[in-house]
Amino acid sequence: ASDARPVLRSALTQANRTLREATEGDGVPSVVIRASPGAGKSTLERELMAERAADGQFVNVAFHVPTLALAAEATREAEGLGLSAQAIRGRSALRPDGNGPMCAKAELVEQASRIGLSAMEHFCERKAEDGTIERCQHFEGCAYLGQFRVDATCHFLATAYFALPKQPGVDPALRVLDETFWKSFLWIRDIDPIAFKAPRTFLPTSGAADHADLLKAAAQVVGKLCAGDSPLVLPYSAGDFTAFAELERRGRAPASDIRPDQDCLTQKRKLEKAARAHRKVSRFAAVWEVLAEAKRLGLSECERLRLFTNGDKEVLRVMRKQPLPHKEPTLVLDADADAEILAAVGCNIQAEHELTLRPQAHVVQVHDHQMSITALLGSKSHRDGCRGVIAREVLRDRQTKNSGVLVGATRAVVQKFFEDAKHDFSSKSEAEINQIMLGTKLHGARWLWFGGRSLGSNRYKDCSAVIVLGRQELPVSTLEDQGRALWGDTHGEPLNFVAPDMKGGQWLPLVELPYEMADGSGMAVKVPCHPDPRIRRVQLQSRELATRQLVERIRLARAAYRKRVILVCNIPIPGLPVNELVSWNALKGDRIDAAIAISLVKNGFAQFKQREIVENAPGVFETIDALKGELGEKKSSAALIRRFKRFAKPLGGKLRLRDCRRPPLDAATPWSVELLLPENAAPEQRG
């Protein structure tokens, strides 16, 4: 990491020069900086922006980051560098003073935006035909609009804003996209085939003949898909399909009668009518447009349209990608950027720069268990084993750095661990549940899940260890639908899909993938991988690289000391060299060891009578008889209990962590609760 700054500075300087000189062409001119998480690319880019501003070479910049919290943090940093910066808060975000949302009509406006209505024109301000100005009653004191009136040359916005129309007052000559963004441009929607074949009540009666032709074609398209045939064999041209799409769109309910000066109830009623029509119109029109594009290309199969059964209901799914709404030159700062995916969504990549940093970490990985979401959710035994692993790492941290342990998994798995610990979420909203799980230590650790919350955040940078339970594995159909949206119906090799079995299940083939071993040795494992190389790219992003992003929340590249990474899943993770490959049973360790660790973390003390061991570490042993059976089988465990009991006897039989030994440890040193005993607490002597 100490050698990375000049290399990264050179790459960013070249990238900005390339984008300044970029000429218009197909797609958005883009440069990709693919630097390891924690390399400092975002911070250094802001420093270079400040240098250009000092030299009089600065252009207005829209800097997109994953979350509003990161936007606020980046704004403060930019202001400290002397830049004129402003963080943009979404309409539903709280005002900086916490007094309500930024926009008084946030819910209505966001619904309108989802169906393509201009928020400014219909809810904020517009000029009527007679020249009068119609304004929202909250216009003058609107916190949302007020932030755009601030004279700033650098705006920091959440990545979600990149998919929205240009905001008033934000007119950048350059956009910086920090972290991934492409999934927001995939348009995947479901349609009821019966509704698709039904009469369009929203169409005017004057076009009855055209309406009849459309319904006939809709029935034929569904019929071909039901028979497993391609609707492209039907006797319709690309122009015919386009005409059907245009006819559908004529049914879109007019929204021009939604005015900014109307009361909320009137606007809500009109908007609900427009939204109902929009859902049908946009989805029905998309079917015809997808068919028209495939026909125009001379294809015989349409990959972006499929009919399937979900339970007892048939579903017609259409998959496409939306065009990038902004054409300004774009700098992509993403450790996981995939040039082929970016090109598919409309980036015209002018140059790529790559910088890989070796993590300052000791990585321990399970080699014999995939630990799927289903396994973690369905097996209390697996979760109990994970709790023992977490407790040991928490104890190890408290005896050494005492800076915290981070645990990550899918959100569903995280919630299951909290529910196991008797958290009742039945009456809480998803936002409230998220807040509780993010702000509450469980089993002595902090918790996080895959996705946007694990992108870019420095919140956990001081933690000494991270444990990842399982992995994020999208269903095969979801992966394939994303692949269809990105590359379906394009010239070249058709996409290779996984055929379902007799019960409709899709099973990925096992492929041997190598581990990157820290000592250079060669080790590999067979894991499920999608057979299509393009869809495999999507899988890599959502599975392997999502794990790496979560691990990197503890900022390994720039760590002042070696940190610990525990991967409870056998899938190799690029960029994380493995120091120890262990079995799941070895990682779980001895149950007595786990019981002592869990009790110390949960209660702050451990006791060593059999009843106390069972009660103080629930989940390890269900009954005293189960504990007796363990001690009878494992003489070493029974001996360990006796040693702890002798050590705790002068302390009243209750051992607290403050009474334990604090041995000097580095990240690679093997650890067990036995190390908590003083060195003079010798093992039993056998005659």
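As the structure is a computational prediction, the values presented were derived from the model and not from experiment.
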*asked:* If you apply the rule salt bridge (Lys or Arg N to Asp or Glu O under 4.0 Å), what do you find for K197 with E314, and how did you get there?
replied: CA-CA 13 Å; K197 295 186 291 182; E314 284 193 324; over 6 Å; no

*I would like to know whether K280 and E248 meet salt bridge (Lys or Arg N to Asp or Glu O under 4.0 Å); could you show each step before the answer?*
CA-CA 9 Å; K280 286 187 176 181; E248 298 277 20; over 6 Å; no

_I'd like to know whether K268 forms a salt bridge (Lys or Arg N to Asp or Glu O under 4.0 Å) with E107, so could you lay out the CA-CA distance, the side-chain angles of the two residues, the decisive distance to 0.1 Å, and finally the verdict._
CA-CA 10 Å; K268 183 177 181 180; E107 190 174 338; over 6 Å; no

*Carefully, step by step, assess N16 and E45 under the rule side-chain hydrogen bond (donor to acceptor under 3.5 Å, both in side chains).*
CA-CA 10 Å; N16 281 280; E45 172 60 15; 3.2 Å; yes

*List the steps and the verdict of side-chain contact (heavy atoms from CB on, under 4.5 Å) for F417 and L469.*
CA-CA 11 Å; F417 272 88; L469 308 178; 3.8 Å; yes

*Go through the steps for Q472 and R543 under the test side-chain contact (heavy atoms from CB on, under 4.5 Å), then give the verdict.*
CA-CA 5 Å; Q472 178 173 261; R543 188 176 70 182; 5.8 Å; no

_Set out, in order, the CA-CA distance, both residues' side-chain angles and the distance that settles side-chain contact (heavy atoms from CB on, under 4.5 Å) for V407 and V466, then state yes or no._
CA-CA 6 Å; V407 180; V466 59; over 6 Å; no

*Evaluate side-chain contact (heavy atoms from CB on, under 4.5 Å) for L145 paired with C124, printing each intermediate quantity in order.*
CA-CA 9 Å; L145 295 175; C124 299; 4.2 Å; yes

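A cation-pi arrangement is present between R149 and F139 under the rule of less than 6.0 angstrom and at most 45 degrees off the ring axis. Geometrically, R126 does not engage F123 in a cation-pi contact, judged by NZ or CZ lying under 6.0 Å from the ring centre and within 45° of the ring axis.
Ring pair F418/W447 is perpendicular by interplanar angle, where above 60° counts as perpendicular and below 30° as parallel.
Residues G40 and R558 come closest through the heavy atom pair N-NE, 4.2 Å. Scanning all heavy atoms of the two residues, the minimum distance from V345 to L324 falls at O-CG, 3.2 Å. Across every non-hydrogen atom of A39 and L8, the tightest pair is O-CD2, 3.7 Å. Pairing each heavy atom of Q350 with each of V31, the nearest pair is CB-CG2, 4.2 Å. Listed here is the closest heavy atom pair of S184 and Q322: O-OE1, 3.9 Å. Of all heavy-atom pairs spanning A335 and A35, the tightest one is CB-O, 3.0 Å.
In this structure, the separation between OH on Y144 and SG on C136 is 13.0 Å, given to the nearest 0.5 Å. F196 contributes atom CZ, which lies 7.0 Å from atom CG of L214 (distance to the nearest 0.5 angstrom). Here the SG atom belonging to C264 is positioned 6.0 Å from the CG atom belonging to L108, to the nearest 0.5 angstrom.
The backbone N or O of D26 sits less than 3.5 Å from a side-chain atom of N348, completing a donor-acceptor pair. With hydrogens and angles disregarded, a donor-acceptor distance shorter than 3.5 Å links the side chain of E432 to the backbone of S429. With S542 contributing its side chain and V538 its backbone, the two residues share a donor-acceptor pair below 3.5 Å.
Comment: R320 engages E289 in a salt bridge, judged by a side-chain N to carboxylate O separation of less than 4.0 angstrom. Taking the charged nitrogens against the carboxylate oxygens, D336 and R548 do have a contact shorter than 4.0 Å, which makes a salt bridge. The pair E125-R259 does not count as a salt bridge, with every side-chain nitrogen at least 4.0 angstrom from each carboxylate oxygen. A salt bridge is absent between E134 and K127: the closest approach of a Lys/Arg side-chain nitrogen to an acidic carboxylate oxygen does not fall below 4.0 angstrom. Look at E77 and R46 and you find a salt bridge, because one of the NZ, NE, NH1 or NH2 atoms lies within 4.0 Å of a carboxylate O, short of that distance.
In this structure, Q435 places its CD atom where only 12 or fewer heavy-atom neighbours from other residues, nucleotides or ligands lie under 6.0 Å away. Other residues, nucleotides and ligands contribute more than 12 heavy atoms inside 6.0 Å of the NZ atom of K327. Within 6.0 Å of CG in D97 there are more than 12 heavy atoms belonging to other residues, nucleotides or ligands. Surrounding CG of D312 are at most 12 heavy atoms belonging to other residues, nucleotides or ligands under 6.0 Å away. Within a 6.0 Å sphere centred on CD1 of I133, heavy atoms belonging to other residues, nucleotides or ligands number more than 12.
In this structure, the ring of F162 has its center less than 6.0 angstrom from the ring center of F185.
Between M102 and R95 there is a side-chain heavy-atom pair separated by less than 4.5 Å.
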Counting only pairs under 3.5 Å, give me each side-chain donor-acceptor contact of residues 478-487, with atom names and distances, residues two or more places apart or in other chains.
{"unit_1": "E480", "atom_1": "OE1", "unit_2": "Q506", "atom_2": "NE2", "d": "3.2"}
{"unit_1": "E480", "atom_1": "OE2", "unit_2": "V498", "atom_2": "N", "d": "2.7"}
{"unit_1": "E480", "atom_1": "OE2", "unit_2": "H530", "atom_2": "NE2", "d": "2.8"}
{"unit_1": "D481", "atom_1": "OD1", "unit_2": "R306", "atom_2": "NE", "d": "2.9"}
{"unit_1": "D481", "atom_1": "OD1", "unit_2": "R306", "atom_2": "NH2", "d": "3.3"}
{"unit_1": "D481", "atom_1": "OD2", "unit_2": "R306", "atom_2": "NH2", "d": "3.0"}
{"unit_1": "D481", "atom_1": "OD2", "unit_2": "R317", "atom_2": "NH1", "d": "2.5"}
{"unit_1": "R484", "atom_1": "NH1", "unit_2": "E303", "atom_2": "O", "d": "2.7"}

Donor-acceptor pairs under 3.5 angstrom involving side-chain atoms of residues 171-181: please list them, not counting sequence neighbours.
{"unit_1": "D171", "atom_1": "OD1", "unit_2": "K166", "atom_2": "NZ", "d": "3.4"}
{"unit_1": "R175", "atom_1": "NE", "unit_2": "E328", "atom_2": "OE1", "d": "2.8"}
{"unit_1": "R175", "atom_1": "NH1", "unit_2": "H64", "atom_2": "NE2", "d": "2.9"}
{"unit_1": "R175", "atom_1": "NH2", "unit_2": "H326", "atom_2": "ND1", "d": "3.4"}
{"unit_1": "D178", "atom_1": "OD1", "unit_2": "S42", "atom_2": "OG", "d": "3.1"}
{"unit_1": "D178", "atom_1": "OD2", "unit_2": "S42", "atom_2": "OG", "d": "2.5"}
{"unit_1": "T180", "atom_1": "OG1", "unit_2": "W182", "atom_2": "NE1", "d": "3.2"}

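Checked against side-chain contact (heavy atoms from CB on, under 4.5 Å), R555 has the following partners two or more places apart in sequence or in another chain: P37, N458, K461, R553. Not counting sequence neighbours, R89 has no partner by the salt bridge (charged side-chain N to carboxylate O under 4.0 Å, His left out) test. Residues satisfying the side-chain contact (heavy atoms from CB on, under 4.5 Å) test with I433, not counting sequence neighbours, are R411, Q415, F425, K428, M437. By the side-chain contact (heavy atoms from CB on, under 4.5 Å) test, T75 pairs with E79, A85, A87, F156, sequence neighbours left out.
No donor-acceptor contact under 3.5 angstrom links the side chains of D263 and Q137, judged on distance only.
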